[in-house]
2 protein chains.
Amino acid sequence: MQTKQYLRQQLNEHGLRATPQRLIVLQILEQAERHLDAETISQIANIHDPYISLATVYRTLNKLKDVDLVSQLYFARDHKREYYEKVDKAEHYHFTCLTCGKVIEMQTKRINQAKDELAGEHGVAFSHTCMCFEGYCPDCAPKRSDLIHTITSQHTLNHEH
Amino acid sequence: MQTKQYLRQQLNEHGLRATPQRLIVLQILEQAERHLDAETISQIANIHDPYISLATVYRTLNKLKDVDLVSQLYFARDHKREYYEKVDKAEHYHFTCLTCGKVIEMQTKRINQAKDELAGEHGVAFSHTCMCFEGYCPDCAPKRSDLIHTITSQHTLNHEH
DNA sequence: TGCCTAGTTGCAAATCATTCTCAACTAGAA
DNA sequence: TTCTAGTTGAGAATGATTTGCAACTAGGCA
Ligand SMILES: [Mn+2]
Ligand SMILES: [Mn+2]
Ligand SMILES: [Zn+2]
Ligand SMILES: [Zn+2]
């Protein structure tokens with residue numbers, strides 16, 4: 001629920017021109033309550049302005065990622081499709097259920113502890129980490145253990161885009 | 001340095017037919033001392049047998065991944081290209097230097113601790129995790145801090161394929 | 001030891017998310 | 001208002017991976 005002026009300011013502060021297209025994309029991400037891919041963002045954007053092209057959405061997302069206004073992530077093993085979210089919230093990680101496709105956000109300090117430890121050990125400097133968990137959510141895990149004897153390894157990943 | 005018979009056995013034990021193509025791909029991964037992508041594996045395979053097709057290499061890698069003989073991973077942010085390694089070694093994670101492209105393998109218990117903790121907290125069951133670190137290696141980090149005032153955010157990732 | 005068939009291969013075409021080209025446009029500094 | 005570096009739309013290009021299909025074959029069984 002931020003005013004257009006606030007979004008404009010965010011762009012300018014990060015050295016990006018505040019074009020109508022960028023304002024719309026940023027607003028969509030601001031208001032989104034789930035993680036969106038470029039195609040979905042494009043569709044929503046076209047409700048506001050039917051002339052925003054998919055290419056511009058991609059270009060905008062890349063810019064927003066470059067200046068760290070938005071983070072880009074992958075879900076489960078489907079690293080073909082990129083998802084985006086605004087970087088407001090605290091650091092968190094994503095778990096995707098292989099059965100129902102649900103994405104669960106999780107927090108832990110252990111990952112950063114690991115990075116600190118490894119940085120010291122190896123003398124490296126971390127700048128970015130891609131991490132995605134997959135498995136079975138509480139709703140799907142029980143059903144699965146019933147089937148585990150009949151089904152070998154066929155997991156259907158339902159992406160709800 | 002495993003005999004062909006050993007590789008054949010590994011395939012059969014996992015329910016895969018031991019075709020000449022698969023034996024070659026598996027052998028390449030067995031002997032590799034670095035992480036390989038499909039294209040590279042295909043080129044090496046073609047030294048042994050010039051008729052192995054790239055499609056077969058891909059199909060073989062997917063099978064080997066399915067039965068957990070081989071693990072598939074990504075490096076840094078370039079999740080367009082998949083890399084493979086045989087799953088012999090202890091669990092480890094991959095750090096890629098954004099300047100020189102070097103890949104450093106790192107071990108830590110912290111990640112699994114995090115997963116155990118999160119599994120308990122959220123009642124989920126983890127089955128696979130994709131994780132890749134990126135940043136600057138000890139060789140490149142110093143040079144970078146000298147340039148940090150002149151260069152804004154142009155990192156060249158040298159992929160050595 | 002040959003037979004049979006479900007599984008595998010080679011080849012080429014298809015896929016498909018993302019990037020690129022380029023001419024027309026514009027945000028925002030001066 | 002002017003000027004220009006940065007941005008856009010449209011569509012073509014990219015490129016790693018997958019797929020369709022007809023020809024082959026590994027390996028279980030007789
Ligand atoms: Mn999130
Ligand atoms: Mn490794
Ligand atoms: Zn689920
Ligand atoms: Zn380096």
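Lettering of chains follows the sequences in order, A, B, ..., and the numbering in each one begins at 1.
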| Angle of first-five versus last-five pair axes in the helix from C:dT1-D:dA30 to C:dA30-D:dT1, to 10 degrees | 40°
| query | Any luck finding a side-chain donor-acceptor pair between A:Glu85 and A:His92 under 3.5 Å? | reply | yes
| task | Classify the ring geometry between A:Phe95 and B:Phe126 as parallel (under 30°), tilted (30 to 60°) or perpendicular (over 60°). | result | perpendicular
In this structure, how many angstroms lie between the [atom2] atom of [N] and the [atom1] atom of [X], rounded?
X	N	atom1	atom2	result
A:Leu11	C:dG28	CG	C1'	14 Å
B:Leu61	D:dT18	CG	P	10 Å
A:Arg22	D:dG9	CZ	C1'	14 Å
A:Gln21	D:dG6	CD	P	17 Å
B:Ile24	C:dT8	CD1	P	16 Å
B:Gln43	D:dA16	CD	C1'	14 Å
A:Leu23	C:dA27	CG	C1'	11 Å
A:Lys63	D:dT8	NZ	C1'	12 Å

Going by salt bridge (charged side-chain N to carboxylate O under 4.0 Å, His left out), name the residues that satisfy it together with [X], two or more places apart in sequence or in a different chain.
X	result
A:Asp49	none
B:Lys63	none
B:Glu105	B:Lys89

Taking side-chain contact (heavy atoms from CB on, under 4.5 Å) as the definition, give me every residue that meets it alongside [X], ordered by chain and number, with sequence neighbours left out.
X	value
B:Glu134	A:Ser127, A:His128, B:Ala76, B:Arg77, B:Leu98
B:Asp116	none
B:Gln113	A:Arg110, B:Lys109, B:Arg110

| field | DNA chain D contacts among residues 48-59 of chain A, heavy-atom distance under 4.0 Å | value | A:Tyr51, A:Ile52, A:Ser53, A:Ala55, A:Thr56, A:Arg59
| query | Between A:Thr60 and B:Lys80, which has a closest nucleotide on DNA chain D that is more 5'? | reply | A:Thr60
| field | Pairs flagged by ring pair (Phe, Tyr, Trp, His ring centres under 6.0 Å) wherever residues 12-42 of chain B is involved - sequence neighbours left out | value | B:His35-B:Phe75, B:His35-B:His94
| With a 4.0 Å cut-off on heavy atoms, is A:Glu82 in touch with a base, just the backbone sugar-phosphate, or nothing at all? | sugar-phosphate
| message | It should be established whether B:Asn62 places a side-chain nitrogen or oxygen under 4.0 Å from OP1 or OP2 of nucleotide D:dT17. | response | no
| request: Identify, with sequence neighbours excluded, every residue that meets side chain to side chain donor-acceptor pair (under 3.5 Å) alongside B:Glu121. | output: none
| Which parts of nucleotides 23-30 of chain D does protein reach within less than 4.0 Å, heavy atoms only, written one letter per nucleotide 5' to 3' as B for base, S for sugar-phosphate only and - for none? | --BBS---
| Partner residues of B:Tyr51 under the ring-ring contact (aromatic ring centres under 6.0 Å, His included) criterion, sequence neighbours left out | none
